[in-house]
Amino acid sequence: MKINSLLFYTGILAMVVGLLFVVLPVGMLAVFGLVTDAAGILMARYFGGAFLAFGVVVWFVRSAIDEDEQRAILLPLVICGLIGAGITLFGQLSGGVNALGWLVTAVFLLFSLGYGWLLVGKRN
């Protein structure tokens with residue numbers, strides 16, 4: 001897989017998830033078996049806004065700079081994915097989220113592995 005392709009999928013997924021958390025925070029939290037108050041809904045919207053912005057940045061990076069420059073963001077993306085996987089795994093193991101937490105953990109890990117593979121892989 002090429003860097004552009006993985007950045008494309010990352011950008012799309014992050015923008016969709018971010019937008020859903022901004023527009024439908026209660027529904028998105030309910031998908032994970034979470035119920036919260038007004039403060040939690042506000043925090044879900046902040047999360048969504050950050051995820052949406054992250055997706056937009058990644059989306060533009062895929063076509064705005066060349067592949068060698070794109071490599072510079074792969075390590076931060078690996079770290080971000082591992083942190084996301086760790087947080088989600090902690091929530092899953094503590095019973096904080098339903099079984100969907102395993103899928104989210106897997107997605108974070110798969111994207112991190114993809115970034116890592118592209119980071120250490122030989123250049124074309």
Enquirer: Can you tell me how far SG of Cys80 sits from CD1 of Ile73, rounded to the nearest 0.5 angstrom?
Expert: 10.5 Å

Enquirer: Starting at OG1 of Thr105, measure out to CG of Leu100 and round the result to the nearest 0.5 Å.
Expert: 9.5 Å

Enquirer: Search all heavy atoms of Gln92 against all heavy atoms of Asn98 and return the closest pair with its distance.
Expert: OE1-O, 2.8 Å

Enquirer: Return the CE to OG1 distance between Met15 and Thr10, rounded to the nearest 0.5 Å.
Expert: 10.0 Å

Enquirer: Could you see if Met28 belongs to whatever hydrophobic cluster contains Ile12? Use Ile, Leu, Val, Met, Phe, Trp, Tyr and a side-chain cutoff under 4.5 Å.
Expert: yes

Enquirer: For the atom pair CG (Leu77) and CG (Leu7), what is the distance rounded to the nearest 0.5 Å?
Expert: 6.5 Å

Enquirer: Please give me the minimum heavy-atom distance between Val78 and Ser112, naming the atom from each residue.
Expert: O-OG, 3.5 Å

Enquirer: Output all residues satisfying side-chain hydrogen bond (donor to acceptor under 3.5 Å, both in side chains) with Asn4, sequence neighbours left out; order by chain, then residue number.
Expert: Gln70

Enquirer: Looking at every non-hydrogen atom in both residues, tell me the closest pair between Arg45 and Val23 and how far apart they are.
Expert: NH2-O, 4.1 Å

Enquirer: Return the CG to OG distance between Leu118 and Ser5, rounded to the nearest 0.5 Å.
Expert: 9.0 Å

Enquirer: Does Phe47 have more than 12 heavy atoms from other residues, nucleotides or ligands lying within 6.0 Å of its CZ?
Expert: yes

Enquirer: Where is the tightest heavy-atom contact between Phe51 and Phe108, given as atom of each residue plus distance?
Expert: CZ-CZ, 4.2 Å

Enquirer: Please state whether the rings of Phe8 and Trp59 are parallel, tilted or perpendicular, taking 30° and 60° as the class boundaries.
Expert: tilted

